[in-house]
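Just so it is clear: chains get the letters A, B, ... in the order the sequence lines come, proteins before strands, and each one is counted from 1.
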Number of protein chains: 2
Amino acid sequence: MTGRTKLVIAYDGASFAGWQSQLHRNTIQDQLEAAVHRITGEPARVHGAGRTDTGVHALGQCAHLDLVTDKFEPDALRTALNAVLPSSLRVLRCQRVSATFHARFSAIGKVYRYRIWNGPVLPPFEEGRVWHITSALDEETLRAVLSQYKGRHDFAGFAASGGKPAEDTVRTIRTARLKRRGHCLTIELEGDGFLYKMVRLLVGTMVLCSQGKMTVSDVLQRLGEGAGGGRRLVAPAAGLILVRVRY
Amino acid sequence: MTGRTKLVIAYDGASFAGWQSQLHRNTIQDQLEAAVHRITGEPARVHGAGRTDTGVHALGQCAHLDLVTDKFEPDALRTALNAVLPSSLRVLRCQRVSATFHARFSAIGKVYRYRIWNGPVLPPFEEGRVWHITSALDEETLRAVLSQYKGRHDFAGFAASGGKPAEDTVRTIRTARLKRRGHCLTIELEGDGFLYKMVRLLVGTMVLCSQGKMTVSDVLQRLGEGAGGGRRLVAPAAGLILVRVRY
């Protein structure tokens, strides 16, 4: 499998110290690069579509790498990688792509899902995979805030300062949906891109509003001014899933 | 909460050595009895609707116990128990019941679910929760075998010898459904009762048939004769979930 290869990847974020390579930390990027090196002998660099923080999960993260070897067909490369990767990190698909493809710069959109378990008892299977909120959230308010996110806005007020000084903070959210199934609330956001911790700040703000600690007009103001100020709540990483990267 | 109390319980079977109390083993019954003792000071016995083996999960196992204390209202008892239980074992509901209620003898039916991941790669979130079969299963054959299970049969040929010498091995399966969602096959069985390892043997037989290692007429024969013989395959515990006990 010579040339540029696209990987679609799934992982349980609780098992790793986030995406980005770090010295002496168990990161997803490091795991993938070590696996590629082990099976091909090549010191390949794996470029992700974007970083995910510690605890954030992925069903369809994307990455690319360049290989010199032609030892592996796409399915064989996937099998070989999965054989050496930990089971909490899986390569779902390998695909030959043109040399102009770039996992980050070719992406035209991302889909994120955030799950809240809004009930008194957290079922064992949901541990580490949801934000558990025991007091009843007002679903109507959640929906009212969510609908404000849709469209093109300056999301500077919904970005964590920890990231790089944000160049352009205008983003377009194309889809913003909320579904309830029993105690489980699922928020799905699709957009052309998301700032650092933006999804978790958007969800945290929805929860603050539904608890009466902020109002919809506070949200409108923050969106309109394109700046921070006021209460901020970053929803826990465990509830967040990178579902898909669109190209 | 004096008197007889019914508990509805969920657990991740991978965390425990099955339901039944055993010396020096981490069982669900032992965990519950220790929790009751810790919060009430009473050495209560917890009676389950039935045993589940190591690795088998529950979304709605049921049990009952008798308490002398009137210290706890039902919701407070639930909260107190969950505060001392491991997070992989949760009490979903506590309910006062009449002294004639018995978790095992009052049960009129049970619902089990069995999940098979039939695809090349097992997503991280499904680990320990499905039977992973990489080679494509023939869904039509799975359905053909499953439909034979419905109704009243002598299931002696689908019981593990490890159980007690089965008194009456005639059972009625009221519902037998198969759903596919992507790579995930979900088999749901509802019946008046199930013999030891019966669900896992029924599923194992479906898989043997869909792999051409048994035929539907072998299954019919085994059901008709009410006896064993021929190939037997016990599906792995990880795929099995006790969904509900009906009273």
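Every residue two or more places apart in sequence or in another chain that forms a side-chain contact (heavy atoms from CB on, under 4.5 Å) with A35(B) is listed here: L81(B), V84(B), L85(B).
Most heavy-atom pairs under 4.5 Å with chain A, from the set V121(B), L92(B), L59(B): that is V121(B).
Residues P124(B) and A10(A) come closest through the heavy atom pair CG-O, 3.5 Å.
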Here's a test: name every donor-acceptor pair under 3.5 Å between chain B and chain A, with the distance for each.
from	atom 1	to	atom 2	distance (Å)
S87(B)	OG	E127(A)	OE1	2.8
S87(B)	OG	E127(A)	OE2	3.0
F125(B)	O	R129(A)	NH1	3.2
E127(B)	OE1	S87(A)	OG	2.8
E127(B)	OE2	S87(A)	OG	3.0
R129(B)	NH1	F125(A)	O	3.2

